[in-house]
Each structure stands twice: as structure tokens, then as C-alpha cells.
Amino acid sequence: MAEWEPVLLANVHRPNSEKIGTYLAHGGYQALRKALSMSPEAVVAEVKASGLRGRGGAGFPTGVKWGFLPPDAPVKYLAVNTDEGEPGTFKDRLIVERDPHAILEGVIIAAYAIGAHRAFVYIRGEFFLGVKRWIKAIADAYQHGFLGKDILGSGFDLDVSVHRGAGAYICGEETAMLESLEGKRGQPRLKPPYPAQVGLWGRPTIVQNVETLANVPHIILRGAAWYASIGTEQSKGPKIFCVSGHVNRPGNYELPLGTPLREIIEKYAGGVRYGRHIKAVIPGGVSTPMLTARQIDVPMAFETLAAAGSALGTGAVIVMDETTDMVEVARRITDFFVHESCGACVPCRLGGFRMLERLEAIARGRGRPDDLAKLESLARGISGLTFCPLGTGMCEPVLSGLALYRDEFVARLNTAAKR
Amino acid sequence: MTMDAARQTPHAPGAGLVDPTKQAMLLSALYLAQEQAGYLTPAAIERVAQRLGLSPGQVYSVASFYSLFRIEPVGRYVIQVCKGLSCYLCGGAEKVADYISAKLGIRPGETTPDGRITLELVECLASCGTAPAMRINDQLYENLTLDAIDLALERLLEGGEHG
Ligand SMILES: Cc1cc2nc3c(=O)[nH]c(=O)nc-3n(C[C@H](O)[C@H](O)[C@H](O)COP(=O)(O)O)c2cc1C
Ligand code: SF4
Ligand code: FES
């Protein structure tokens with residue numbers, strides 16, 4: 001395959017890439033002009049035809065979601081998810097800091113397509129630079145007539161405001177984010193109804209990840225057919241893969257969906273450090289099940305990772321070499337989820353805590369012989385039974401760690417018994 | 001520093017719109033209130049509640065949900081060391097925190113006796129590609145080395161007189 005020419009990350013390495021002047025000098029806001037010359041329905045149809053799927057973790061088809069909005073609703077909103085907090089993931093921060101206009105152009109086109117006149121940017125409270133970049137980009141876009149009343153003479157109005165989160169991973173979950181935008185505790189709402197039906201202040205609301213939105217201008221400018229020619233059967237377009245852990249060149253790599261995991265690790269991220277070997281890889285952020293070294297020829301696409309028993313998630317590839325302590329990996333990930341549980345439902349709040357207790361005991365060499373069975377039964381009592389996907393996500397690393405590296409867990413128990 | 005951004009946020013409930021309720025201002029208001037004393041004093045909570053037409057209990061309930069809002073005083077400088085998986089794999093996390101602990105004589109969760117520096121272990125800072133990472137107030141430190149930590153700490157300790 002020919003070398004991939006970055007689309008989403010084409011700008012980020014230019015000097016002053018965050019400035020509107022730089023963005024305009026490289027074709028910025030041409031897609032907006034084109035979109036405004038189309039009907040909103042045509043824009044939705046184009047995005048639908050492109051096959052674009054959400055990049056925030058769930059992979060829902062974007063155009064299809066836009067089609068779910070009740071057409072006769074008097075007020076609709078767009079909410080922009082910049083809450084990136086899934087450990088291993090660091091792509092959204094990069095785009096927001098280095099190329100905020102690429103997302104903003106996508107925001108304006110999306111709002112036009114769905115008929116929203118107000119968009120709310122929700123950004124992780126810790127992203128100090130990102131907040132500044134968002135605010136500056138929005139202010140400059142107003143000045144250039146890309147926001148506000150009668151955008152570029154089209155008659156379309158849009159206002160965008162920025163809202164800082166305050167340190168809660170769960171607020172990345174779309175309904176928790178809506179609660180937080182309304183000034184409440186970030187506890188998820190029951191779905192259905194989905195936000196596209198009942199969202200912010202009860203209004204139909206489309207929630208979209210920033211990487212997803214950054215794809216939209218390219219789809220409009222180059223067409224759905226071009227976009228759909230990239231990737232696999234069910235996973236279209238380019239994707240930013242965040243590679244971290246035991247590799248020589250960690251970083252964000254934009255590649256077509258369907259690129260083999262091995263190629264991402266070996267060719268782009270420079271292979272495993274110190275000439276060591278891969279033990280395990282988390283392919284899509286810590287809530288996705290681990291893969292072993294033997295599975296790394298899997299193409300990085302929604303359907304192929306599902307078939308391999310894992311998920312594409314956010315595309316955050318965490319590589320672990322042969323020296324990695326898998327008990328500690330499971331303990332650390334569980335500690336994260338238990339800390340971030342919003343506490344609203346019992347399986348997640350209490351079950352998670354109990355799993356962590358067992359993992360901590362095992363990690364300290366104090367595990368009891370029945371602890372592995374107990375962990376599995378706890379996970380079975382959580383997975384699929386929680387109010388929101390966080391609780392289910394927290395079981396994946398434990399279950400996959402136990403399934404793939406059971407010997408290591410058992411060895412810890414044995415050490416305890418000998419003492 | 002951090003609050004400039006909150007203040008600039010074009011956040012005008014009611015400006016030509018019906019929907020955004022007063023309560024939508026709550027997080028921004030809490031950021032502003034927190035800026036004044038470094039944490040949310042009971043008086044600040046009371047004031048925010050009054051301004052937004054909420055009960056102090058409601059405000060407290062929201063504030064306590066979010067880790068960036070502080071109900072207790074913290075140091076002028078808060079060192080947040082990432083304990084995420086990628087930072088751990090890259091030799092950071094507790095190793096970095098232990099090193100700082102030894103230098104400052106405080107453990108994670110504690111503040112130096114002069115009340116200036118607080119040390120914390122926090123979740124992923126979205127800098128996993130440049131791990132290990134930590135943050136001091138609004139400044140992110142990436143690709144941490146022991147030298148880089150020393151330098152950052154020296155600057156904090158020196159900044160004491162006028163800081
Ligand atoms: C616990 C949890 C955390 C999430 N965090 C994020 C996040 O930080 N950013 C994000 O874009 N989506 C996150 N999501 C996914 C959102 O709920 C939602 O699917 C997404 O924002 C929709 O946008 P997309 O279709 O463009 O991906 C999270 C989901 C869950 C269950
Ligand atoms: S699964 Fe966890 S995070 Fe989700 S609603 Fe229940 S307690 Fe909250
Ligand atoms: S794990 Fe430390 S920044 Fe992500």
C-alpha cells in the first residue's frame with residue numbers, strides 16, 4: 001500500500017498551526033463554503049454515504065445519528081465532546097491544541113446539517129491550553145464571519161460557547177456530559193431516550209467527538225466516494241492511532257482504518273523498546289480487552305477487532321513488553337475505573353471496589369486460592385448489568401487479563417501460599 | 001492563570017435564548033469562586049448558591065462531584081503526577097511521585113508544612129505518548145526525567161519569595 005498522506009493531521013506540524021491565518025492559507029473553511037451552498041439534507045446524505053463512524057469510542061455511524069433528529073423540533077443543539085480521558089488516548093488534545101479550526105469547521109458544517117443554531121463545546125477541565133485554543137479559534141471565526149448571524153451570507157446563524165469540565169472521566173459519556181453542561185453532577189442518564197431525541201434541556205441534541213467532526217470538512221470537500229474508498233468494508237476513512245507504552249516512537253499516527261496493528265507498532269511506532277518482545281497490546285484504550293502478541297496482525301477496524309474479541313475503542317494502542325507485570329496492569333486499570341465510577345449504580349460502585357480489593361491482595365502476594373474465581377464472578381455480576389457502559393468497560397481488562405495471563409495471577413497466589 | 005479561560009467563556013444564558021438555565025453557569029461560577037481563596041470556602045459556596053438561585057446543598061453536591069473543585073485548602077502549587085498505565089509502563093507514576101516525595105518530604109495527598117506545595121497522584125493526563133507526565137498548576141511536563149523534575153522543583157522553591 002502506498003504511504004498514507006495525512007488528512008486529519010496535515011496541519012498540526014506547521015508553525016502557528018492553531019492560527020486562523022495558517023488554517024485559511026491551507027484551504028481552511030473552503031468546505032464550509034461548499035456545505036453552505038448545499039442543502040442541509042444533502043450534507044447529511046453526504047456524511048451518511050461516507051460511512052464515517054464516531055471516533056469517541058462507540059463507533060456509531062455519524063450520518064445515521066444525524067438522521068435520527070426529529071425534523072420538526074423547533075430547537076436542536078450540537079454538543080462537542082472534548083473530554084478525552086480514556087487512559088492511552090491523546091489525540092483529541094493534539095487536534096484541539098494544534099488545529100482547533102479543523103474541528104470548528106466541522107462543528108459549523110454539522111450544525112448547519114442538523115439545523116442547530118447553538119453548539120456547546122465541552123472540554124476537559126485539565127486541558128488549559130486546549131481551552132485557550134478553543135476560545136481563540138471561536139473568537140477569530142466570529143471575526144471572519146464563520147460564526148454568528150448570517151454566516152457567509154447564507155442566512156444560517158450559529159453561536160458556539162466553551163464549557164470547562166472539572167475533572168470527571170464519566171463526563172465524557174454523552175449523557176453525563178449533558179448533565180454537566182446543565183450544571184449538575186455528571187451522572188449518566190438512562191438511554192433511551194437518546195440525546196438525539198431528548199438532550200440538553202430536553203432538546204434534541206447531537207453529541208459528537210472532536211476527531212469525528214474533524215473528518216467532516218474533508219468529506220464535504222472531497223466527497224463521500226473518496227472517503228468511502230479509504231478503509232475496510234465497515235470502517236471508513238482515516239483514524240488517528242495513539243501509540244504509547246513500550247515502543248521506540250510513541251505518538252499519534254494517522255492511518256487508514258484497517259491498517260494492521262503490527263504495522264502501526266513496528267513500522268510507525270518503531271517497534272518494541274530495547275529489542276524486547278510484545279507480551280500484550282491494548283488496542284483501543286483501557287476499556288478494550290487485551291490482545292496477545294499472536295493477535296497483532298489484526299487490521300485496526302471496528303469489525304476485525306470485534307471478531308478478535310476486542311474493540312477499536314478510541315484507537316489508543318498501549319504496547320506492553322515481556323517484562324510487564326500483568327497483575328499490576330489489571331490492578332491499575334481497575335483502580336482507574338473504581339476512582340472514576342460516578343457511584344450511581346451498585347454493580348459498578350460496589351462490584352468495582354470488591355474487584356479492586358482482590359486485585360490489590362493478589363498484587364501484594366496475599367491473594368487467596370479462590371480469588372480468581374471470585375474476580376470472575378464479580379466481573380460477571382457487573383458486565384452488562386450497569387447503568388452505563390463504564391461499569392462494563394471496567395471488567396474487560398480484568399477478564400481478558402485473567403483469560404490470557406492466568407498463569408501470572410496463579411503464580412502470585414502460590415507465592416502467598418508458600419509464605 | 002487558569003480562570004482567565006473560564007472568564008472569557010462566552011457564556012451568556014438568556015442572551016437571545018430561553019434554554020440555558022442559570023444553573024448552567026454553576027461550573028464556571030465555581031471556578032471563579034475557587035480562584036479567590038484557592039479552594040471553595042463555605043462562604044463562597046453560599047455566595048454562588050445565592051447568585052444562581054440554588055441551595056448551598058445543591059452547590060456543594062455538584063462541587064464535590066468534580067475532582068478539580070476543592071473543598072479543602074491546597075498549596076499554592078499543586079503537583080499532579082500521572083498514575084495512568086502508559087506513564088507507569090514508561091517508568092513514571094509512583095516512581096516519579098516517590099522521587100518528589102523524597103525531595104519535598106510529603107506524600108501524595110499532602111501539602112508542605114509552609115502550605116505552598118501539594119503533591120497528588122492523578123489519572124491519565126492525555127500525554128501518554130510523551131510519558132511520563134505530570135502537571136504543576138496549568139503547566140504540563142512531558143517526557144519527564146529526574147533532571148527535569150529537579151529543575152521544575154527548583155523553580156517552585158525559588159519562586160517562593162514573590163510567588
Ligand atoms: C465512560 C465513557 C466515557 C466516554 N468518554 C468519552 C470522551 O472522553 N470523549 C468522547 O468523544 N467520547 C467519549 N465517550 C463516548 C460518548 O458517550 C459518545 O459515544 C461520543 O461522544 C459520541 O461521539 P462520536 O459518535 O463522534 O464518537 C465515552 C463513553 C463512555 C461510556
Ligand atoms: S456504571 Fe458506574 S459510572 Fe455508569 S452510572 Fe453506574 S456507577 Fe455511574
Ligand atoms: S497515562 Fe499518563 S498521561 Fe496518559
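Chain A is the first sequence line, chain B the second, and so forth, proteins listed ahead of strands; every chain is numbered from 1.
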- [ ] Report yes if the side chains of A/Ser161 and A/His163 come closer than 4.5 Å at any heavy-atom pair, otherwise no.
- [x] yes

Open item on the list: For A/Val80 and A/Phe120: C-alpha separation, side-chain torsions, deciding distance, then whether side-chain contact (heavy atoms from CB on, under 4.5 Å) applies.
Closed with: CA-CA 6 Å; A/Val80 183; A/Phe120 300 87; over 6 Å; no

- [ ] Mind running side chain to side chain donor-acceptor pair (under 3.5 Å) on B/Asp147 and B/Thr145 for me, showing each step along the way?
- [x] CA-CA 5 Å; B/Asp147 285 348; B/Thr145 59; 5.3 Å; no

TODO: Go through the atoms of A/Cys171 and report whether side chain, backbone, both or neither lie under 4.5 Å from a heavy atom of chain B.
DONE: side chain

- [ ] Please assess A/Gln187 against A/Glu179 for the test side chain to side chain donor-acceptor pair (under 3.5 Å), listing each intermediate value before the final yes or no.
- [x] CA-CA 7 Å; A/Gln187 280 169 340; A/Glu179 289 287 300; over 6 Å; no

Task: Side chain / backbone / both / neither for A/Val286 at chain B, heavy atoms under 4.5 Å - done: side chain

Task: A/Ala330 to A/Leu359 - nearest heavy-atom pair and separation - done: O-CD1, 3.8 Å

Task: chain B contact via A/Glu182 - which portion, at a heavy-atom distance below 4.5 Å - done: backbone

Open item on the list: Taking side chain as everything from C-beta outward and backbone as N, CA, C, O, which of these in A/Ile282 sits under 4.5 Å from a heavy atom of chain B? Side chain, backbone, both or neither.
Closed with: side chain

Open item on the list: At a heavy-atom distance under 4.5 Å, which candidate from A/Arg124, A/Glu340, A/Met320 has the highest pair count against chain B?
Closed with: A/Arg124

- [ ] Ignoring hydrogens and angles, tell me if any N or O in the side chain of A/Glu18 forms a donor-acceptor pair with the backbone of A/Pro100 under 3.5 Å.
- [x] no

TODO: Using a cut-off of under 4.5 Å on heavy-atom pairs, state which of A/Arg249, A/Glu84, A/His339, A/Lys91 scores highest against chain B.
DONE: A/His339

Task: Cation-pi geometry met for A/Arg164 and B/Tyr31 (6.0 Å, 45°) - done: yes

Open item on the list: Under 4.5 Å from any heavy atom of chain A, what part of B/Leu140 do you find: side chain, backbone, both or neither?
Closed with: side chain

Task: Toward chain B, the part of A/Ser180 with a non-hydrogen atom under 4.5 Å - done: both

Task: Flag side-chain contact, heavy atom, 4.5 Å: A/Glu86 against A/Ser287 - done: yes

Task: chain B contact via A/Thr89 - which portion, at a heavy-atom distance below 4.5 Å - done: backbone

Open item on the list: With a 4.5 angstrom heavy-atom cut-off, is it the side chain or the backbone of A/Val121 that approaches chain B, or both, or neither?
Closed with: neither

Open item on the list: I'd like to know which of B/Glu94, B/Gln58, B/Gln139, B/Gln80 tops the heavy-atom pair count under 4.5 Å against chain A.
Closed with: B/Glu94

Open item on the list: Less than 4.5 Å to any heavy atom of chain B: does that hold for the side chain of A/Ile170, its backbone, both, or neither?
Closed with: side chain

